[in-house]
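Report on the following structure.
No hydrogens, no waters, no symmetry mates; every other heavy atom, side chains included, goes into these values. Treat the numbers as computed from the prediction; the structure is a model and nothing was measured.
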Amino acid sequence: MPASDAQEAVEGIAKRLASLEVAASQEVIEAYKPVDENLRKNILRITSLAQKRKLKPWQIMRMTAMTSLKAQLVGELALYHSIVQGIITSGQEGAVGLAETGSRMVAERGLPRGIKLDNLARLGIQWNRLPREAFEGFVGIAGDGKPVGNLLARYGPQNAARITSEIGSGIATGKGPREVARLARKATGIPLSEALTISRTEINRTHREATRLNYAANSDIVKGYRRLATKDERTCMACIALDGTAYENNEPLDSHPNCRCTMVPDTLTYQDLGLDIPEEPRPENGQDWFKKQPESTQRKMMGGRQLEAFKSGKIGLSDLVTVSSSSTWGKSATVKSVKALGI
C-alpha cells in the first residue's frame, strides 16, 4: 500500500481545511470588533466616573453604569454568539463538502500501485457515495451532540460577570482608566478566544467525522484509518505520541480542542486482492520524527522535566498520553501532568 501517497493526499486536504478554518476565524474576529470597541469606551467612562465621585469598592460594583454595562454585555455577547454560530455552521458545511470529495480521492491514492477504484468496481467492489442527508447531523452541531448555539450561549453571562468584576477590581485598587482597560484586556479577550477555539474545533471535528462516515460506508475498501498529526512545534505531545495509531472505522478520533490531527485510510492491500506482492513501508511516525528534532525543539514541545525523564528512559512518549472524557468535547487525548507521570 503506498501509504506515503495517501498521506501526501491527506496533507493536501488538511491545507485546504486550514484555509477554510482561517477564513472562519477571521470572520469571528471581525464580528467581535464592535463588542470590543463598545467595551473599551465603557471602561474609560465608568473608571473616570468612579474616580471623580471617589467611590468605595462596594459602591463601584453597585453603580448604575456597572449594572447597565453587565446587561449590555450579555445582550451584545448573545448577538455576537448568534453571528458566530452562523460562521461555524457555514464552515462545517464547507468541511463536509471537503470530506465528501477528499475521502474518495485519498482512498484511491491509498490503494496499491496500479489499482484504481474503477478496477475494484469491475470486481464488484463499489465506492459508495453517501447522500447529503447523511451528513446533516454534523452541521450546526457541537461535539456534545447539541446545537453549536447552546455551547456558545453558556459563555455569555459568565464572561459578562468576569469582565465587570475585572473592571471593578481595577477601579477599586486605584488604577487609572487606561490602566484598568489594560488590566481588563485579558478578560475582554476571553469571549473572542473561546469563540475561536469553538470555531476551529468544530470545523475540524466535522471534517474528521464526515471523513470517517465515508470510510465506514466503504469498509470493503477502507479497513480502518490511522491518526496523522501535524508535525511541528505547535503540536501537543499527545498527538505526536499517537501519530500512526490505528482506529476502527466506527471509532471516532479522540482529539481535543484546537486539534489538527487528520486521518489516513488503511485500504485494501495486494495481499487482500490475492496478489503476492510486498507492501510498501509506512511513512515515519510522530515518535520517530520527535526523536530526530533538536533538543531545543524537544524541550519547547515536551517541557524540561518530561524531556529529562524521557532521555533517561524513565518514560516513553506513549506514557505522556491520557484520554479523558468531557461533556463538551467528548473523548480528548491530552498530555499527562508532571504529577501524573510521577516525575
Side-chain angles (χ1 to χ4, degrees), residues 17-18 20-21 24-25 27-29 31-32 74 77-100 103 130 132-162 189-217 225 227 229 236 238-239 242 245 247-263 321-337:
L17 182 64
L20 182 70
E21 180 244 296
S25 294
E27 288 186 61
V28 170
I29 292 169
Y32 189 63
V74 169
L77 288 175
L79 177 59
Y80 172 64
H81 289 154
S82 176
I83 295 170
V84 170
Q85 180 181 358
I87 294 169
I88 293 174
T89 298
S90 178
Q92 288 177 313
E93 288 174 345
V96 166
L98 195 57
E100 285 181 284
S103 57
L130 295 172
R132 188 71 181 185
E133 294 75 29
F135 302 99
E136 287 181 353
F138 298 138
V139 177
I141 302 299
D144 61 359
K146 299 175 182 176
V148 171
N150 289 4
L151 178 58
L152 290 161
R154 75 176 66 167
Y155 294 113
Q158 294 176 19
N159 285 326
R162 184 184 294 139
I190 288 174
L192 174 60
S193 178
E194 288 170 342
L196 287 170
T197 294
I198 294 169
S199 176
R200 295 187 190 110
T201 301
E202 296 306 335
I203 288 173
N204 279 284
R205 182 193 62 80
T206 296
H207 180 262
R208 283 192 293 267
E209 280 296 277
T211 298
R212 187 180 65 81
L213 188 62
N214 272 297
Y215 291 164
Y225 68 91
R227 189 188 199 106
C236 82
C239 293
L242 290 170
T245 300
Y247 296 81
E248 300 289 338
N249 283 329
N250 63 355
E251 188 179 4
L253 190 74
D254 43 2
S255 58
H256 56 78
N258 290 321
C259 182
R260 296 178 291 158
C261 285
T262 49
M263 304 149 67
V321 183
T322 183
V323 178
S324 58
S325 183
S326 164
S327 59
T328 300
W329 307 111
K331 287 178 64 178
S332 296
T334 55
V335 179
K336 289 180 183 177
S337 66

Item to check | Check: Leu253 main-chain N/O paired with Tyr225 side-chain donor or acceptor under 3.5 Å | outcome: yes
Checklist entry - Between CG of Leu130 and CG of Leu213, what distance do you get to the nearest 0.5 Å? => result 5.0 Å
Item to check | By salt bridge (charged side-chain N to carboxylate O under 4.0 Å, His left out) - contacts of Arg200 (at least two apart) | outcome: Glu21
Checklist outcome for this item: Between Ile29 and Leu192 the two heavy atoms that sit nearest each other are CA-CD1, 3.9 Å
Next on the checklist: Looking at Val148, is its backbone amide N or carbonyl O close enough to the side chain of Gln85 to form a donor-acceptor pair, meaning the two atoms are under 3.5 Å apart?
Outcome noted: no
Next on the checklist: Could you report the tightest heavy-atom contact between Val74 and Ala160, atom names first, then the distance?
Outcome noted: CG2-CB, 3.7 Å
Checklist entry - If every non-hydrogen atom of Ala95 is compared with every non-hydrogen atom of Leu17, which pair is closest and at what distance? => result CB-CD1, 4.1 Å
Next on the checklist: List the residues meeting side-chain hydrogen bond (donor to acceptor under 3.5 Å, both in side chains) with Tyr80, not counting sequence neighbours, and say none if there are none.
Outcome noted: none
Checklist entry - Can you list the steps and then say if Leu196 with Asn258 is a side-chain contact (heavy atoms from CB on, under 4.5 Å)? => result CA-CA 9 Å; Leu196 287 170; Asn258 290 321; over 6 Å; no
Next on the checklist: Thr322: which residues meet the side chain to side chain contact (heavy atoms under 4.5 Å, CB included) condition with it, sequence neighbours left out?
Outcome noted: Thr334, Lys336
Checklist outcome for this item: Glu251 meets the side chain to side chain contact (heavy atoms under 4.5 Å, CB included) criterion, sequence neighbours left out, with Tyr247, Glu248
Item to check | Residues that Glu93 engages under salt bridge (charged side-chain N to carboxylate O under 4.0 Å, His left out), provided they are two or more places apart | outcome: none
Checklist outcome for this item: Shortest non-hydrogen pair, Arg227 vs Asp254, comes out as NH1-OD1, 2.9 Å
Checklist entry - Do you know the tightest heavy-atom contact between Ala229 and Cys239? => result CB-O, 3.5 Å
Checklist entry - With sequence neighbours left out, what residues match Ser325 under side chain to side chain contact (heavy atoms under 4.5 Å, CB included)? => result none
Next on the checklist: With a 3.5 Å distance limit and no angle check, can you tell me whether Ser90 reaches the backbone of Gly86 through a side-chain donor-acceptor pair?
Outcome noted: no
Item to check | Glu209: side-chain hydrogen bond (donor to acceptor under 3.5 Å, both in side chains) partners, not counting sequence neighbours | outcome: Arg212
Next on the checklist: I'd like to know if the side chain of Thr206 and the backbone of Glu202 have a donor-acceptor N/O pair within less than 3.5 Å.
Outcome noted: yes
Checklist entry - Can you check whether Arg205 reaches Pro252 side chain to side chain, under 4.5 Å on heavy atoms? => result no
Checklist entry - Is it true that a side-chain atom of Thr201 and a backbone atom of Thr197 form a donor plus acceptor pair closer than 3.5 Å? => result yes
Item to check | salt bridge (charged side-chain N to carboxylate O under 4.0 Å, His left out) involving Glu100 - partner list, sequence neighbours excluded | outcome: Arg132
Item to check | salt bridge (charged side-chain N to carboxylate O under 4.0 Å, His left out) contacts touching residues 150-161 (sequence neighbours left out) | outcome: Asp144-Arg154
Checklist entry - CG of Leu151 to CD1 of Ile141: how many Å apart, nearest 0.5 Å? => result 11.0 Å
Item to check | Non-hydrogen atoms of Asn159 and Glu194 that approach each other most closely | outcome: ND2-OE1, 2.8 Å
Next on the checklist: Just to verify, what does Ser103 make a side chain to side chain contact (heavy atoms under 4.5 Å, CB included) with, not counting sequence neighbours?
Outcome noted: Trp127, Thr211, Asn214, Tyr215
Checklist entry - With sequence neighbours left out, what residues match Ser255 under side-chain hydrogen bond (donor to acceptor under 3.5 Å, both in side chains)? => result Arg208
Item to check | Distance, nearest 0.5 Å, that separates OG of Ser324 from NE2 of His256 | outcome: 10.5 Å
Checklist entry - Do Leu20 and His207 come close enough that some side-chain heavy atom pair is under 4.5 Å? => result no
Item to check | Residue list, side-chain hydrogen bond (donor to acceptor under 3.5 Å, both in side chains) with Arg260, at least two apart or on another chain | outcome: Asp232, Thr235
